[in-house]
Structures are given as C-alpha cells and as structure tokens.
Amino acid sequence: MQAFFSASETFIQLIGTGGTIAGHSADPSDELGYTAGVLPVAALLAGLPLADGALAGVAVRDESLAQIDSKNMRWDIWWLLARRVRACLGETLCRGVVITHGTDTLEETAWFLACVLGDVAQDKPVILTCAMRPASAAQPDGPHNLANALVAANTPGARGVLVCVAGELWGAQHVQKNHPTQLAAFNAAGLPPVATVEGHQVVMQQAWPTLPSWVRATSEALAAALAHDDAPPKQPWVEVVMHTAAASTQLLPALGAAGIRGLIVQATGNGTVNDTWQTQLGVLTNEGVVVRCASRCASGALLGLATSEDKKGQTLSGLTFYPGLNAAKSRVMLMLALLVPPASHPD
Ligand code: SIN
C-alpha cells in the first residue's frame, strides 16, 4: 500500500465512519464486548491482505469522517457523507469510493447514498464494507473485507452503491443484515449477490446495480439539493410500525394526532393488515400522512398488483410499497421522498 500519493495519480477514496471494523477490545479473544468505531480509518490500512500489484498504480487516500457505532448513525452525518462522496466521485482521477461502516445500519446508509447520489454513482462504484469482529480480534474479518472492497472499487466497469462483505458484493436495494453474529451476516433476501470476490478478482454473478426507475425522479431532485445546499434538509418524521396478531388499536390514531408525516407499516406476510388497521390507515392517508408498507418476512419480496423492479408495487389490499426494500430502507426512501416536490415522488 502506498503511503504517499501524487496529485496526478488515480486514486480510491477511503472514508471511515466507524463500526466494528474499527472496533477495539483489550482482549483479542473478545468478539462481542468491544467498543465499535475506536480506530481512525488509516489504522485499518496497515497489513491488508492484498497481493503485490492488486492495486497497481492506484493510490488509496483515507479520511475519517466519523468514528461511531452505526446504531448512532444520524441524518446530518448521512448528508455530510453523501456530499463528501459526491465531491470525491466528481474528481476525474477518482476511481471510486470505499466506506467503512458498522454492520447494524449499513443497509440504510447504502440505500440513502444510492438515492441521493443517483447518477453520480452510476459511473463509478461506492462500496461500503464492514466487519463482524473488531480489529483487535485474534482473527479479524475486517482486513479481508476492506481488501476486497478496494479490489472491487478498482475493477473496470464497477458502478453503483454496493456492500462488500465475506467475499460477496451486494447491491444497495436488496442487501440486508440477516444475522447478528455470523461473519457472512448479509444477504439479499433470497437473491444472489452481484458478484463474489475471489483471489483479488471480482467474479460477476449479475449486472452491476442500477437505480430502479421509480426512484429516478426523486433521486434527481435530491442530487440537485445535494449539490447546492450546505445544511442538511430537515428530517421528516417517518416511523416504522409492525403489524402483529392482536395489534394495538391505539397506535395509529395516536401517531396521526401527534403529527407524523409518513408511516411504513411492516405488514404481515405478503402485505396484510387487519381490518381495524386497514381502516385506520385509510383515515391517516385522508389526513395527509403518507403510508407505505413492507413485509415483516425476512426473506423474499412483496408481490402485488403490477409489481416489478421498475414499478412501485401495490398489495392486494391497496397499500403501496417500494419493491425490494425492507422496512428500514423503505423508511429512508419515504423520508427522502417527502423532501422533494410531489411531482418527483416515486409514486
Ligand atoms: C456497528 O454497527 O457500528 C456495530 C456493529 C458492527 O459493526 O458489526
């Protein structure tokens, strides 16, 4: 790895935000009780398992943007990160951006970036990576994940916002954390990875990800905001509520009365809610609250009327959903949609 770089050299920008990959414990056998986000990202570059020449002619420039446990990820940090990534991608010599991040909310950051960067990330890759064991562990997984992410960012033709973990690359739309402790903690709810990374090479399993067309207008409006505004826009109040057996009848009217702007209903099965919730959601919608749904099933995708990757979906009972997005990412989508004029809204 090169310690110094010249201003005329092609580079990958490495941006640290914290997470377990930068986590530390005094005890190398401790894989659970560590503190996340302790090390600056520069420290993660030491001794990476990269073969000589794996990044030939490409410098890695590093910067620590935040050092947090990703459970503490915030709206303002998202916007700061997006602006920084956008600026880096705009530099001709930048091949792509790699971001180190905690695993717990990584999929939300990935989708946020995919939406707000839009076309800017359609020419070059933005690759988030992470670890399930802290950097201080006897056998940390972070160095391998980071090395793979750098290799992926340096791959000709790579583009879109992706997550690189445990030798696999996942697109931002479908990726989700699916296990609290295993090293291969991520999947795409049943879909194959975009690619695998084997022996410092990216082996494609699908095409590089593109933004679904239902996000495009929102994304274009947000990209303009990202280019011009310094302060992040005010975060719209959007919550996720889970529909369950014996569901509470007080929750939805209380949220409406309190002034909520958007609601993601994590519905049962293929997007079902009981009759009371169906009625209460209708009332909220009439009052101006934007209601969308996702499934509480961990795998598979909601199927509804005219559902396709490129069209908004609608459940049989008339609830609208964002195809391929779980509840947490649907919340990100709805917050972003509420920032732009209705004409740019994904539905
Ligand atoms: C975090 O999300 O920052 C902590 C957990 C992890 O990275 O695995």
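Fair warning: this is a prediction, and the values are worked out from it, not measured in the lab. All ligand and atom numbering here is 1-based and tracks the order in the structure.
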Hey, does the side chain of W277 reach the backbone of S248 with a donor-acceptor pair shorter than 3.5 angstrom? yes
Would you say ligand 1 has an N or O under 3.5 Å from any N or O of Y34? no
How are the rings of F112 and W78 set relative to one another: parallel (under 30°), tilted (30 to 60°) or perpendicular (over 60°)? parallel
What about W170 and F186, are their ring centers closer than 6.0 Å? no
Polar-atom distance check: K71 versus ligand 1, any N or O pair below 3.5 Å? no
What protein heavy atom sits nearest atom 5 (C) of ligand 1, and how far away is it? T20 OG1, 3.1 Å
What do we get for A131 next to ligand 1 when only non-hydrogen atoms under 4.0 Å count, side chain, backbone, both or neither? backbone
Check: S70 N/O within less than 3.5 Å of ligand 1 N/O: yes
Is a donor from one side chain sitting under 3.5 angstrom from an acceptor on the other, for T210 and Q122? no
Number the atoms of ligand 1 from 1 as they appear, then name those within less than 4.0 Å of a heavy atom of D104, with their elements. 2 (O), 4 (C), 5 (C)
Would you check whether T103 has a nitrogen or oxygen atom less than 3.5 angstrom from a nitrogen or oxygen atom of ligand 1? yes
For the hydrophobic clusters of this structure (ILVMFWY residues joined by side-chain heavy atoms under 4.5 Å, transitively), does one cluster hold both V273 and V290? no
Is there a donor-acceptor contact under 3.5 Å from the side chain of K329 to the main chain of A110? no
